[in-house]
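Computed from a prediction, not measured in an experiment: that's the story for all the values here. When a residue number appears, it is its place in the shown sequence, counting from 1.
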Amino acid sequence: LPFDEKSFDAGLLSDTSHHLSDEAFGSVLKKMSRIVSRYIIVSDPVYFPRQTPLSRFFYGLDRGGCFRTVEQMMAIMRMVPECELVQEVFFVTFPGFYRHHVFILRVKTPEYERLEKI
């Protein structure tokens with residue numbers, strides 16, 4: 001990314017990760033952690049239990065071929081040592097076809113590491 005290190009306080013990756021392979025998604029998070037000093041927010045639709053046939057149909061129409069479960073998303077995020085998951089929340093779009101999960105990642109910086117030890 002053509003920005004100086006820690007150019008932004010926060011970065012947002014919205015409705016994108018399901019278009020990326022696991023490797024590419026991890027790489028994007030790593031690159032974002034270089035230019036972001038505090039938080040990376042990831043919001044994306046996820047597979048969820050008891051998904052209705054109509055919901056599965058709409059997910060199938062989407063050109064993103066890498067929908068994941070919450071657990072799969074979190075596993076990729078844990079593989080990026082520069083970030084730490086600090087909060088997650090979800091919302092369901094009307095009329096319940098998509099379940100979006102929002103992940104808030106704290107970017108680890110030397111200052112953050114120092115405060116964590118206190």
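When the side chains of ILVMFWY residues are joined at heavy-atom separations under 4.5 Å, either directly or via intervening members, Leu20 and Val70 end up in a single hydrophobic cluster. Follow the hydrophobic side-chain contacts under 4.5 Å out from Tyr98 and you never reach Phe90; the two are in separate clusters. Linking Ile, Leu, Val, Met, Phe, Trp and Tyr residues whenever their side-chain heavy atoms come within less than 4.5 Å leaves Val89 and Phe48 in two separate clusters.
The structure places CZ of Arg106 at 12.5 Å from OG of Ser33, a figure rounded to the nearest 0.5 Å. A distance of 8.5 Å separates CE in Met32 from SG in Cys83, rounded to the nearest 0.5 Å. Here CZ of Phe103 is found 9.0 Å from OG of Ser43. Values are rounded to the nearest 0.5 Å. A distance of 12.0 Å separates CZ in Phe58 from CD in Gln51, rounded to the nearest 0.5 Å. In this structure, the separation between SG on Cys66 and CZ on Phe25 is 10.5 Å, given to the nearest 0.5 Å. Separation of atoms CE (Met73) and NE2 (His101) is listed at 8.5 Å; rounding is to 0.5 Å.
Residues Met74 and Leu85 have side chains in contact (heavy-atom distance under 4.5 Å, counting atoms from C-beta outward). Phe67 has its side chain within reach of Pro45: a pair of non-hydrogen atoms, C-beta onward, lies under 4.5 Å apart. Counting only heavy atoms from C-beta outward, the side chains of Asp44 and Ser14 never approach each other to under 4.5 Å. Between Ile104 and Val86, the closest side-chain pair of non-hydrogen atoms falls below 4.5 Å. Contact check for Leu105 versus Tyr39: no side-chain heavy atoms found under the 4.5 Å cut-off. Annotation: side chain of Val28 is in contact with side chain of Leu13 (closest heavy-atom distance under 4.5 Å). In this structure the side chain of Thr93 reaches within 4.5 angstrom of the side chain of His100, judged on heavy atoms.
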Inset, instruction - Could you walk me through whether Asp62 and His18 pass the side chain to side chain donor-acceptor pair (under 3.5 Å) test, one step at a time? - result: CA-CA 9 Å; Asp62 193 297; His18 68 278; 3.2 Å; yes
Inset, instruction - Report the C-alpha distance between Phe97 and Phe57 in whole Å, list the side-chain angles of each, state the deciding distance to 0.1 Å, and finish with yes or no for ring-ring contact (aromatic ring centres under 6.0 Å, His included). - result: CA-CA 9 Å; Phe97 294 144; Phe57 171 76; 9.2 Å; no
Inset, instruction - Report the C-alpha separation of Phe3 and Phe8 in whole Å, then their side-chain angles, then the decisive distance to 0.1 Å, and conclude whether the ring-ring contact (aromatic ring centres under 6.0 Å, His included) test is met. - result: CA-CA 9 Å; Phe3 302 103; Phe8 305 97; 5.1 Å; yes
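Within 6.0 Å of NZ on Lys6 lie more than 12 heavy atoms contributed by other residues, nucleotides or ligands.
Taking 4.0 Å as the cut-off between side-chain N and carboxylate O, Glu82 and Lys30 count as a salt-bridged pair.
Relative ring orientation between Tyr47 and Tyr59 is described as parallel, the plane-to-plane angle staying below 30° on a 0-90° scale split at 30° and 60°.
The salt bridge (Lys or Arg N to Asp or Glu O under 4.0 Å) test applied to Asp22 returns Arg68, not counting sequence neighbours.
Nearest heavy atoms, Leu29 versus Met77: CD1-CG, 3.9 Å.
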